[in-house]
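Input: a single structure, listed below in structure tokens.
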Number of protein chains: 2
Amino acid sequence: MARKAGSVGEETAERVRLAALKLFAGKGYAAVSMREIAAGVGLQAGALYNHFPTKQAILADLMVAHMEALIAAWEVESRKFATPVAALEGFVRFHIRYHLSRGDEVFISYMELRNLEPENFVRIEGLRKYYEGFLRKILQAGAASGSFSIADVPVAAMALIAMLTGLNTWFRAGGRLSVDEVEEIYVKMALGSVMPGGIMQGSSDGAARGLTAAGS
Amino acid sequence: MARKAGSVGEETAERVRLAALKLFAGKGYAAVSMREIAAGVGLQAGALYNHFPTKQAILADLMVAHMEALIAAWEVESRKFATPVAALEGFVRFHIRYHLSRGDEVFISYMELRNLEPENFVRIEGLRKYYEGFLRKILQAGAASGSFSIADVPVAAMALIAMLTGLNTWFRAGGRLSVDEVEEIYVKMALGSVMPGGIMQGSSDGAARGLTAAGS
DNA sequence: TGACAAAATGAACGAACATTCATTTAATTA
DNA sequence: TAATTAAATGAATGTTCGTTCATTTTGTCA
């Protein structure tokens with residue numbers, strides 16, 4: 001055994017991932033050639049096959065890594081929250097910040113699903129469902145405790161996720177609003193959409209909690 | 001002048017649009033060949049160029065037609081509503097029903113923007129902004145009259161549109177819920193996200209209107 | 001230093017691509 | 001019927017694609 005396996009190799013593979021990520025996000029998977037990816041790393045196309053067996057394997061690698069990192073990040077973050085209301089607020093803030101900080105990964109993970117072979121598709125889709133399950137659990141707990149008024153938990157979860165992820169399609173840093181500002185707006189809207197009496201003041205049924213109020 | 005121009009031609013062009021719509025929605029614009037589209041109509045690829053100058057022109061044609069039909073449909077529907085609250089509820093119901101009934105058109109109009117040349121992109125994007133303007137105007141009116149509590153109208157409009165359009169990514173007819181049922185859920189969530197005291201009961205500040213209450 | 005293997009080259013493969021075009025077919029009107 | 005022309009054919013254009021592979025380069029360890 002001569003050269004330590006993967007010493008330079010893994011470094012190059014990482015640069016391939018980075019170049020492919022930028023290109024896929026910018027032009028779409030189908031519109032990017034292996035020659036373009038190779039040029040982005042300073043290689044010939046053939047050399048890519050020392051690191052990835054096919055073009056699609058690069059895409060699947062990026063998607064799986066993104067979803068697994070997202071899930072792991074929330075699993076750490078979620079420990080901070082004791083009540084369903086706090087957890088929902090925390091989820092909204094986490095989702096927005098994480099997704100806005102990984103625009104390219106989010107973009108390809110939502111747009112290029114159709115370019116995956118069935119095996120890869122099922123895997124990515126499973127990871128996505130798993131992540132959505134975190135929000136469903138929060139909503140379910142809040143509905144059970146009376147903190148939330150939710151007609152259908154799975155539907156509410158999908159509606160909220162779509163609302164949050166939609167941020168990626170229009171928000172651009174350096175625009176009129178900062179991330180912190182839109183985060184506050186989205187927290188207010190998300191909580192308002194599932195809390196029985198609004199979020200900024202108590203209401204007569206006693207179930208609603210103010211966002212900044214102390215009552216658990 | 002012999003054959004009336006476009007007699008059989010427009011009929012064929014329409015079949016080309018239909019075949020291209022299905023294929024683009026199913027596999028993505030970049031993954032569909034002119035030969036596939038032609039086969040879907042029962043023609044050779046060359047014949048398509050009697051009806052559309054390029055492959056992209058077919059895509060742009062589909063997108064423009066969709067956006068213009070959407071705008072025209074809302075311009076008719078919107079006349080029914082007298083108050084901001086009624087208009088928002090009406091917009092939510094309209095958007096959901098219209099988008100769910102044109103799944104393929106919606107899908108390509110959101111997914112294939114990047115495959116448009118700048119000229120076509122600007123045109124479609126302009127139509128989209130114009131449609132989003134309808135919701136912004138509703139929210140602005142409601143914020144001005146005190147019916148809504150909205151920190152930032154453009155942001156709230158984008159959040160709501162994303163929430164509503166997200167339905168297309170997961171809702172399938174024949175599933176656990178009917179269109180009517182999800183429509184009700186989304187109405188409740190959308191109104192709750194922008195109304196100061198929740199939607200099902202009045203609140204102490206007097207600004208909130210119940211969805212089913214008579215108050216303007 | 002020499003052996004070894006990872007990593008990269010550069011040419012080549014067949015296939016598929018959008019588009020063009022000379023030609024044929026067929027529907028319509030004068 | 002004859003003239004006209006829209007519509008379709010089918011072959012061909014040149015280009016680009018993902019992938020393969022024999023060969024060369026390069027870094028590492030014995």
Side-chain angles (χ1 to χ4, degrees), chain A residues 1-21 23-24 26-63 108 112 114-120, chain B residues 1-21 23-24 26-63 108 112 114-120:
Chain A
M1 53 210 83
R3 171 186 296 188
K4 196 190 300 175
S7 61
V8 172
E10 182 47 42
E11 190 179 302
T12 304
E14 191 56 31
R15 294 173 59 220
V16 171
R17 283 188 199 94
L18 207 70
L21 174 64
L23 286 166
F24 290 165
K27 316 172 41 174
Y29 171 80
V32 174
S33 69
M34 292 296 269
R35 287 166 178 82
E36 284 180 278
I37 298 171
V41 191
L43 295 177
Q44 296 298 316
L48 299 178
Y49 291 84
N50 288 322
H51 306 281
F52 298 91
T54 62
K55 180 186 172 188
Q56 174 162 154
I58 304 177
L59 176 64
D61 183 287
L62 289 169
M63 286 181 165
I108 67 164
E112 308 296 356
R114 64 165 91 185
N115 288 304
L116 294 175
E117 286 157 14
E119 181 188 354
N120 288 326
Chain B
M1 50 208 87
R3 168 186 296 188
K4 197 190 302 177
S7 60
V8 172
E10 184 46 43
E11 190 179 300
T12 304
E14 190 56 32
R15 293 172 59 218
V16 171
R17 284 189 200 93
L18 207 71
L21 174 65
L23 286 166
F24 289 164
K27 316 172 45 175
Y29 170 81
V32 174
S33 69
M34 291 297 267
R35 288 169 179 79
E36 285 179 278
I37 298 171
V41 191
L43 295 177
Q44 295 299 314
L48 299 178
Y49 291 84
N50 289 322
H51 305 281
F52 297 92
T54 62
K55 180 185 173 190
Q56 174 165 151
I58 304 176
L59 177 64
D61 183 287
L62 290 169
M63 286 181 165
I108 66 164
E112 308 296 356
R114 67 165 93 188
N115 289 304
L116 294 175
E117 288 158 13
E119 183 187 353
N120 288 325

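These numbers come from the heavy atoms of this one structure, side chains and all, not from hydrogens, waters or symmetry mates. Throughout, a chain's letter reflects where its sequence line sits, starting with A, and its residues are numbered from 1.
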Nearest whole Å is fine: how far is D:dG18 C1' from A:E117 CD? 13 Å

Taking 4.0 Å as the cut-off, does a side-chain nitrogen or oxygen of A:T12 come that near to OP1 or OP2 on C:dA8? yes

Working to the nearest 0.5 Å, report the span between OG1 of A:T12 and CG of A:N50. 9.5 Å

Before giving the answer on side chain to side chain contact (heavy atoms under 4.5 Å, CB included), spell out for B:L62 and B:R17 the whole-Å C-alpha distance, their side-chain angles and the decisive distance to 0.1 Å. CA-CA 7 Å; B:L62 290 169; B:R17 284 189 200 93; 3.9 Å; yes

I'd like to know if A:R114 pairs up with B:E112 as an ion pair, taking the criterion as any Lys NZ or Arg NE/NH1/NH2 lying under 4.0 Å from an Asp or Glu carboxylate oxygen. yes

Phosphate oxygens OP1/OP2 of D:dA8: is one of them under 4.0 Å from a side-chain N or O of B:H51? yes

Toss me the dot-bracket line for DNA chain C: Watson-Crick and G-U wobble, both under 3.5 Å, 5' to 3', using | for pairs to another strand and [ ] for crossers. ||||||||||||||||||||||||||||||

What closest approach, in Å, do B:T54 and B:M34 show between heavy atoms, and which atom pair accounts for it? C-CE, 4.4 Å

Can you list the steps and then say if B:M63 with B:L116 is a side chain to side chain contact (heavy atoms under 4.5 Å, CB included)? CA-CA 10 Å; B:M63 286 181 165; B:L116 294 175; 3.5 Å; yes

Once base and sugar-phosphate atoms are separated, protein heavy atoms under 4.0 Å mark nucleotides 9-20 of chain C, 5' to 3', with B, S and - as BB-B----BBBB

Separation of A:L59 CG from A:E117 CD (nearest 0.5 Å): 10.5 Å

Tell me which donor-acceptor pairs under 3.5 Å the side chains of residues 36-44 of chain B have, and how far apart each pair is, sequence neighbours excluded?
from  : atom 1 : to    : atom 2 : distance (Å)
B:E36 : OE1    : B:K27 : NZ     : 3.4
B:E36 : OE1    : B:S33 : N      : 2.9
B:E36 : OE2    : B:K27 : NZ     : 2.5

Within 45° of the six-membered ring axis of B:Y29 and under 6.0 Å from that ring's centre, is NZ or CZ of B:K55 located there? yes

